[in-house]
Amino acid sequence: MSGRLAAFLLAAVTLLVVALSTGGAIYYLILGMMFFMFLFALLSSLVALYSFQFKMDSLQSRVTRGDSVTLRFSVRHLCPIPLGCIRLQLSQPDNQSPVGEIELSVPPFKPRTFERSLNCPHRGQYLVGINRLEVNDVFGLLCVSRKLNRQLLTLEVLPKVKRLSRMDLASGDSGPEIFARKTEDTASPSDIRNYQDGDMLKRVHWKLTMRRRELMVRTYEEAPRPDTLILLDCSPVNASGDQALCMEDALCETACSVALSQLRAGYPVRMPLLSAQPTEISGQSSAEFGRFLNALTALSFDGEYPFEQVITLEMRRLQRTGGIVLITARLTMRIADMALQLHRSGAQVCVCWITETRRAQALELLTRLELQGIQIRRVNPWIAPAATPERNPIS
């Protein structure tokens, strides 16, 4: 109940008491006018509320984080009685003010079109549009409202994709013999040719050699190129509010940028996402980058497993993995030791740390990893990277 309505009712009760006490006709006349005034306000508000019509559309259903989207809507009501104002509560993709308010003055029976620009500061999937209608009468006594959330539109805010340098993967043996990567598939012989200097004796086809009286060797099909494994820490971020969203944006954008750079270089990419609803995304070329972008747009950071356990699980299937990228917002000594262990297995390893810290102990840990041959990328989630943004990363 508004203050104006409370004062109105108090005045009406006072007039009623005075009229009953004195029997003066003037008091009954004023009380009757106040009754019709209240009835007028109630009728106009309810007619406008339930005769309200609107159509809404968006010029874009997918935008990149940091851009804005224009929401266009037309409204109309069928109440011929004068109104005070119409307010629309707008659901928008802004964590600071997820609900906005628009105040309109709309004449009866005549549709009017409005446009509203919505900022999209964080990636994710949002329902945008008008979710509640409020109508005020011309006297300002009543404010009636109802929900309109059946007309909400789905808006996808995509992560920004930055142009990063690729991580070159060794095609030959690059580590201890037990972890050697082979460039040929010995299970798939393809042809026979004459022996050349440098060929290994184990490739000699001895039966054909005896038959032809000259050394003949087997050739094999080239094994597929080593793939890149991107491990993203999907556990909850140790922050709250807008800070947590900025950290999640940086994590997803780093993963997107690394995946695109490797796919464009011709390296297959695998990206297991162990959130509350685990999934794995894979692709062979940049034409398949869209599935990575879609998955990271909808990703929720609610994983049940710590990042160390995720790395341990993935270490069991690294037969064709030539490069491993670890992306996390917390870098512990155990994660650093596991990165060194992966590097000793023969794979190229890159650690992407999402942080703004400059603690001496943390910088010493990064220096230790770099000296061991591990690539380091430190991303500040509150400062835009110097890399050039991709205009159309899916093409």
Side-chain angles (χ1 to χ4, degrees), residues 161-188 190 200 219-234 251 254-274 279-289 291-293 295-296 307-308 310-328 331 335-353 366 368-379 387 393:
V161 182
K162 304 295 180 179
R163 187 182 298 275
L164 298 179
S165 58
R166 70 184 185 185
M167 181 172 64
D168 291 321
L169 309 183
S171 60
D173 300 346
S174 58
E177 185 177 354
I178 189 173
F179 296 108
R181 271 81 175 162
K182 298 180 179 180
T183 59
E184 293 181 342
D185 188 357
T186 57
S188 303
S190 60
M200 293 182 291
T219 59
Y220 301 93
E221 294 180 359
E222 289 290 328
R225 301 192 72 178
D227 63 4
T228 304
L229 174 64
I230 301 177
L231 294 180
L232 178 62
D233 189 355
C234 297
L251 287 165
T254 302
C256 278
S257 302
V258 172
L260 182 60
S261 64
Q262 295 302 104
L263 289 172
R264 283 182 169 172
Y267 299 114
V269 175
R270 287 191 300 116
M271 184 188 297
L273 300 174
L274 299 184
T279 184
E280 180 169 321
I281 314 300
S282 60
Q284 302 291 324
S285 66
S286 58
E288 300 175 284
F289 175 68
R291 64 181 65 172
F292 292 90
L293 199 61
L296 290 169
F307 194 44
E308 295 86 347
V310 173
I311 298 175
T312 302
L313 291 173
E314 293 298 325
M315 287 176 68
R316 301 174 182 175
R317 51 185 192 127
L318 299 178
Q319 295 180 356
R320 287 299 311 166
T321 300
I324 303 171
V325 182
L326 307 179
I327 305 174
T328 181
L331 182 61
I335 294 177
D337 291 338
M338 298 179 82
L340 290 173
Q341 184 179 352
L342 291 170
H343 182 66
R344 295 190 190 103
S345 73
Q348 299 288 335
V349 178
C350 177
V351 176
C352 299
W353 188 20
L366 295 180
R368 173 193 170 193
L369 293 176
E370 285 183 316
L371 291 176
Q372 295 292 329
I374 295 178
Q375 299 180 30
I376 299 295
R377 285 176 179 161
R378 193 159 61 92
V379 180

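The first residue of the sequence shown is numbered 1, and numbering continues consecutively from there. Here the structure is a predicted model, which is why all the values come from computation and not from measurement.
Qualifying side-chain contact (heavy atoms from CB on, under 4.5 Å) partners for E308, counting only residues two or more places apart in sequence or in other chains: P306, R330, T332, R334, I335, M338. Among residues two or more places apart in sequence or in another chain, the side-chain hydrogen bond (donor to acceptor under 3.5 Å, both in side chains) test is passed with T328 by D233. Evaluation of the salt bridge (charged side-chain N to carboxylate O under 4.0 Å, His left out) rule for R270 yields D227, E280, E314 as partners, not counting sequence neighbours. Annotation: side-chain contact (heavy atoms from CB on, under 4.5 Å) contacts of R368 (sequence neighbours excluded): M333, D337, L340, L365. Evaluation of the side-chain contact (heavy atoms from CB on, under 4.5 Å) rule for A339 yields L326, V349, V351, I374 as partners, not counting sequence neighbours. For E370, the salt bridge (charged side-chain N to carboxylate O under 4.0 Å, His left out) criterion is met by no residue, not counting sequence neighbours. Under the side-chain hydrogen bond (donor to acceptor under 3.5 Å, both in side chains) criterion, S257 pairs with no residue, sequence neighbours left out. Contacts of R166 classified as salt bridge (charged side-chain N to carboxylate O under 4.0 Å, His left out), with partners at least two apart in sequence or in another chain: D168.
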For side-chain contact (heavy atoms from CB on, under 4.5 Å), just list the numbers for F307 and L231, CA-CA rounded to whole Å, side-chain angles, deciding distance to a tenth of an Å, and then say yes or no. CA-CA 9 Å; F307 194 44; L231 294 180; 4.1 Å; yes
Test side-chain contact (heavy atoms from CB on, under 4.5 Å) on R264 and R163; report intermediate values, then the result. CA-CA 11 Å; R264 283 182 169 172; R163 187 182 298 275; 3.7 Å; yes
side-chain contact (heavy atoms from CB on, under 4.5 Å) between L366 and L331: does it pass, once the steps are laid out? CA-CA 9 Å; L366 295 180; L331 182 61; 3.5 Å; yes
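Taking both residues in full, the closest heavy atoms of H343 and G373 are given as CE1-O, 3.6 Å, listed atom of the first, atom of the second, then distance. Shown here for L263 and F292, the closest heavy-atom pair between the two residues is CD1-CE1, 3.9 Å. Here the closest heavy-atom approach between residue A259 and residue V269 is recorded as O-CG2, 4.0 Å. Nearest approach of C256 to L296, heavy atoms of both residues: SG-CD1, 3.2 Å. For the residue pair I230 and A255, the shortest heavy atom distance occurs at CD1-O, 4.1 Å. Heavy-atom minimum distance, R291 versus S282: NH1-O, 2.9 Å.
Contact annotation: the side chain of L251 never approaches that of C352 to less than 4.5 Å [non-hydrogen atoms, C-beta and beyond]. Between R377 and S165, some side-chain heavy-atom pair lies under the 4.5 Å cut-off.
With L293 as reference, V161 is the one residue of I281, V161, L260 to meet the side chain to side chain contact (heavy atoms under 4.5 Å, CB included) rule.
Taking CD of Q375 as the start and CG of L369 as the end, the distance is 12.0 Å to the nearest 0.5 Å. Taken from CD1 in I311 to CG in L342, the straight-line distance is 7.0 Å, to the nearest 0.5 Å.
Remark: side-chain polar atoms of Q262 are not paired, donor with acceptor, to backbone N or O of V258 under 3.5 angstrom.
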